[in-house]
Engineer: 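There's a structure below that I have some questions on.
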Amino acid sequence: MANSEIEQLSIDTIRTLSMDMVQQANAGHPGTAMALAPLAYLLYGEVMHHNPANSHWSNRDRFVLSAGHACVLQYSALHLAGYNLSLEELKRFRQWQSKTPGHPEFRHTEGVEVTTGPLGQGFANGVGMAVAERFLAATFNRPAHAPIVDHRVYAICSDGDLMEGLSYESASFAGTNGLGKLIYFYDDNHITIDGTTSISFTEDRGARFEALGWHVQHVEDVNELDVLREAIANAQAETSRPSIVVCRTHIAYGAPNAVDTAKAHGSPLGADEVAAAKNALGWDPGKHFYIPDEVAAHMNQVERGSAAETEWEARFARWSEAFPQDRERWDAAWAGRIAAWTLPEFEPGEEVATRDAGKAAMQAFKDAVPTMIGGAADLVESTKTEFVGAGLFSDSWVGRNIAFGIREHAMGSIVNGIAVHGGCVKPYGSTFLIFSDYMRPAVRLSALMGLPVVWAWTHDSVGLGEDGPTHQPVETYAALRAIPNLWFVRPADANETAWAWKVTLERADGPVALSLSRQKVSTLDRSDLAPASGLERGAYTLWESSSSPDLILIATGAEVGLTLEAGRKLAEDGTAVRVVSMPCWELFEAQSAEYRDEVLPPEVKARLSVEPGVSLGWSKWVGDRGGSISIEHFGASAPGNTVLEQFGYNLDNVVARASALLERVA
C-alpha cells in the first residue's frame, strides 16, 4: 500500500472510531475529532517522542488536549499508538468506570497527561509543563554533555479555549518567558455551540498571538499533510518563542450533512449520518469500531517509542556517571523527596504576621527541595513568598522564583501544569486569599487530580484593614473548605505556621492551601500550652482549665490568641474551659474517631467557634446547640484592628458570647 493510502486509511480510522464511540454512547463531541484526525495522526504517528510501553518516561514529549470535549480523538490515537487502552474501553466511552470518560482525566487513562475540561485550563497547563521542562533543562543539562531534558509540549486548543481569558493570560506569560518548546495547534473551525464564530469571536487570532510574542503560522487545510508537516518542522526550529499553528478545519469533516454545522459539535451524528459519512469515506457502514490490520500495524508506536527511550537511557547513563551528585538530585526530584530541614522557632510574645513566619519557613526548607519553584501574582513584597537569592525563572529559566505577573487565573493553572509534568517538587502559587476566587477552577482541578501543589494565600481576614470589603475574605474559608481533597490550613501563630509548612511539604496526594495573616500576631507561649506540632492532627487541645470542660472554645488562625485570652478569663471566673486550635478541618476529619472525641467530647454541648468568616460549616464542630462568632456580611475599610473590634473580635465580646452560650445550653 502506498504511503498516501495508508496515511489516509489511518486518518479515516481515527474518524470512524470517533464517530462510533459517540454514537454508541449517545453522547459526546464527534465533529472536532473528525476534523482534526490528520493532526492527531501526525502527532502520535510521526512527530512526538513518546513511548506507549512506558507512558511515564521522563523525557517524553507531552500532549495536552485543551479542547477536552474532543477526547474521542485522543482515545482513538492512544489506542492505535499502542497505549494500554483497549478497543473494549473505546466501546465503553462515557460509561461507568470506563477508561474513556467524557473529558480526559489525569491518572485515569494511560497516556493522558492532565485533566482538561473547563476550557482554557489545558492551554495554561501546557504552559506550566513548558516551564517545568525549561527549568529542569537549565538545572540538570550540562554544556559538555548531551541533554537529558529536551522535550516539547504539544497542545490542541479550540475557539472556546481562546475566548476564555485564561488563555490570554497564560499566552502572555509564555511569550514573555520565551517558552520555545511549546507548540500549539488552534482548531479554527469557525463553529461554536450557538452557531458560527462570526457572532461572538471576530478578532484576528494570529495577530493576537504575534502581539504576545509567539511564532505564528497558518495552515489553510489541515488535510494537507505535507503542509502541516512543514509547519510543525518550522515550529520545532523556533526555540526562542512559543509557537501556534492556526489550522483551518471543517467540523465533522466527511459527514455530508453535518460538516460545518454547530450541531456536529456536541451531539451524536445519528446512525444515518454515521453511515453516510462512512460511505463518503469509502468504508463499509455496517462495520463498527473497525480497525484495518494494516492501520493497526502502521500506527503502533511501541517499537519506535521504545527505541527513543533506549537511546535516551544511554545518554542518561553517561550523564549519571559523569555527574553523580546531580543524579542524586535528579532521583530525589522525580521521586518528590524532601531532605531533612529544621523548622524555625519563634520566641514567645514575638509579634509576627504569619505571612512573615511563612517566609522564614521557606528559607529554612529552601535547600531541602532544590527543584521547588513558584511565585506570586506580582505580590512577593506582600505575600512574602520567595526563595531569597534563588533568582528569577525569567533569567535563562534557571531561577526558582517565577514572576507570574498580575495573572491569578493563569498562575493557578500553570502551577498545575508544572506539577503534572513531574520533577519540580511542590510548585506553588501565591496571592491574597480573596483572589483565590480568581484561581478557583485551577484549585478545584488540583484537588480533583490529587496534585501535590501549594496555594500560599495571605491577607486572610478582615484584619488586613484599609483595602476594604473587596479585599477582605469573608465567605472564602467556607468556599475553599467545600472543595473535596483540598486541605485548608489557617495557622494560629508563627510556630504553627512553620508546622503548617511541614505538613504541606509532606502531603503527597493532594494540594494544601495556607491561609496567612497580614497583621502581626503574638507568638503563643507554649510553656503552659500544647506544642505547635499539634497542627499535624488538624485540631488539638491548646489549653484547658479542666480535663472535664463545661465549655469548649474553638478558633483558627490569628483569632486563636484572642480566644485563649477569653478562655483564661472565663476560667478565672470559675468556668471549666477548653481552648482548641483547629487550623485544618480536613486533617482533623482524617483522625480517628477516638482522637476527635478526645478533643471535642460529644457530651460537651457548649461549644463556641471564633473565626472571622461566615459560620457555614461550623455546625459540624460546634453542634446544634453551639454557636459561632462569625461575619455574615461583607467587610469595611478601616485599620485592621478597628475592623476586627467593630465586628466583635475582642475580649469582651468573646467572653460575653461564651457566657450567654453556657447559660442557654445549661
Side-chain angles (χ1 to χ4, degrees), residues 12-37 40 44 52 55 63-81 83-122 125 155-161 187 189 191-193 251-255 258 261-275 277-278 285 287-291 420 441 444-445 447-450 484:
D12 289 341
T13 300
I14 295 174
R15 287 180 170 133
T16 57
L17 285 174
S18 298
M19 283 189 284
D20 286 343
M21 275 190 273
V22 174
Q23 190 62 35
Q24 178 146 311
N26 196 30
H29 302 73
T32 300
M34 297 167 69
L36 289 174
Y44 278 91
S55 62
F63 173 75
V64 178
L65 184 63
S66 191
H69 54 274
C71 55
V72 289
L73 175 72
Q74 187 173 19
Y75 298 152
S76 299
L78 288 170
H79 171 72
L80 292 170
Y83 283 84
N84 184 23
L85 186 65
S86 69
L87 188 61
E88 288 304 310
E89 289 295 342
L90 268 57
K91 293 177 181 178
R92 289 179 1 94
F93 175 55
R94 288 192 168 212
Q95 303 310 300
W96 177 251
Q97 294 186 334
S98 76
K99 295 295 184 183
T100 49
H103 286 80
E105 294 184 23
F106 178 62
R107 292 197 182 115
H108 186 80
T109 306
E110 190 170 302
V112 168
E113 301 281 4
V114 66
T115 297
T116 58
L119 289 170
Q121 289 294 324
N125 295 154
I156 290 175
C157 57
S158 64
D159 292 311
D161 290 297
D187 175 29
N189 63 26
I191 293 294
T192 66
I193 292 175
I251 198 166
Y253 182 90
T261 65
K263 179 176 171 55
H265 169 82
S267 301
L269 297 179
D272 290 344
E273 187 66 7
V274 169
K278 288 181 179 178
K287 291 183 177 180
H288 305 289
F289 294 95
Y290 174 61
I291 302 171
V420 297
R444 181 179 186 271
L445 285 170
L448 193 157
M449 288 187 275

Engineer: Check D20 with R15, please: is the shortest side-chain N to carboxylate O separation under 4.0 Å?
Structural biologist: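 No, no charged N to carboxylate O under 4.0 Å.
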Engineer: I want to check something: taking the side chain as every heavy atom from C-beta on, are L85 and T109 in contact at a cut-off of under 4.5 Å?
Structural biologist: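 Yes, close enough: below the 4.5 Å cut-off.
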Engineer: State the CG-NE2 distance between L17 and H79, to the nearest 0.5 angstrom.
Structural biologist: 7.0 Å
Engineer: From Q95 CD over to E89 CD, what is the distance, rounded to the nearest 0.5 angstrom?
Structural biologist: 10.5 Å
Engineer: Looking at side-chain heavy atoms only, is the closest gap between T116 and L445 below 4.5 Å?
Structural biologist: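 The answer is no; the side chains never approach within 4.5 Å.
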Engineer: Can you name the nearest heavy-atom pair linking A33 to A70, along with the distance?
Structural biologist: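 Result for this residue pair: N-CB, 4.4 Å.
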Engineer: Can you see whether S66 engages D161 through a side-chain donor-acceptor pair at a distance of less than 3.5 angstrom?
Structural biologist: yes
Engineer: Measure the spacing between CZ of R107 and CG of L448 and express it to the nearest 0.5 Å.
Structural biologist: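 Rounded to the nearest 0.5 Å, the CZ-CG separation comes out at 11.0 Å.
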Engineer: Around atom NZ of K263, are there more than 12 heavy atoms from other residues, nucleotides or ligands closer than 6.0 Å?
Structural biologist: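 Result for NZ/K263: open.
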Engineer: Which atom pair, heavy atoms only, marks the closest approach of A77 to Y44?
Structural biologist: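 So the two residues come closest at CB-CD1, 3.5 Å.
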Engineer: In Å, rounded to the nearest 0.5 Å, how long is the span from CG of L87 to OH of Y290?
Structural biologist: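 That separation rounds to 12.5 Å.
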Engineer: Where do V64 and G122 come nearest, in terms of heavy atoms and distance?
Structural biologist: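 Taking V64 first and G122 second, the nearest heavy atoms are CG1-O, 3.4 Å.
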Engineer: Counting distance only, does the side-chain N/O of H108 pair as donor-acceptor with the main-chain N or O of S98 below 3.5 Å?
Structural biologist: yes
Engineer: With a 4.5 Å limit on heavy-atom distance, are the side chains of M19 and P268 in contact?
Structural biologist: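 No, their side chains stay 4.5 Å or more apart.
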Engineer: Closest heavy-atom contact between T261 and I191?
Structural biologist: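 For T261 and I191, the tightest heavy-atom pair comes out as O-CG2, 3.9 Å.
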Engineer: Would you say that P104 contacts C71 through its side chain, given a criterion of any heavy-atom pair below 4.5 Å between the two side chains?
Structural biologist: yes
Engineer: Grab the two heavy atoms, one from S55 and one from Y83, that are nearest each other, plus how far apart they are.
Structural biologist: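 The answer is CB-CE2, 3.9 Å.
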Engineer: State, with a plain yes or no, whether a side-chain heavy atom of K99 is found less than 4.5 Å away from one of S86.
Structural biologist: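 No. Closest side-chain heavy atoms not under 4.5 Å.
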Engineer: Could you check whether any side-chain N or O of R94 sits under 3.5 Å from a backbone N or O of H103, counting only pairs where one atom can act as donor and the other as acceptor?
Structural biologist: no
Engineer: Enter the distance from T32:OG1 to I156:CD1 here, rounded to the nearest 0.5 Å.
Structural biologist: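 Atom-to-atom, T32:OG1 and I156:CD1 are 9.5 Å apart.
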Engineer: Quick check: do V22 and L269 have side-chain heavy atoms less than 4.5 Å from each other?
Structural biologist: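 No; the side chains remain at least 4.5 Å from each other.
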Engineer: Are side-chain heavy atoms of F106 and V420 found at a separation under 4.5 Å?
Structural biologist: yes
Engineer: Flag the pair D159 / D187 as yes when at least one side-chain heavy-atom distance between them is below 4.5 Å, and no otherwise.
Structural biologist: no
Engineer: Might you point out which heavy atoms bring F93 and M21 nearest each other, and give the distance in Å?
Structural biologist: CD2-O, 3.5 Å
Engineer: Give a yes or no answer on whether the side chain of T16 reaches the backbone of T13 with a donor-acceptor pair at less than 3.5 Å.
Structural biologist: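 Judged by distance alone, yes, a pair lies under 3.5 Å.
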Engineer: Classify the ring geometry between H69 and H265 as parallel (under 30°), tilted (30 to 60°) or perpendicular (over 60°).
Structural biologist: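 Correct class here is tilted.
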Engineer: Just how far is it from atom CD of Q23 to atom CD of E273, taken to the nearest 0.5 Å?
Structural biologist: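 Interatomic distance, Q23 CD to E273 CD, rounded to 0.5 Å: 10.0 Å.
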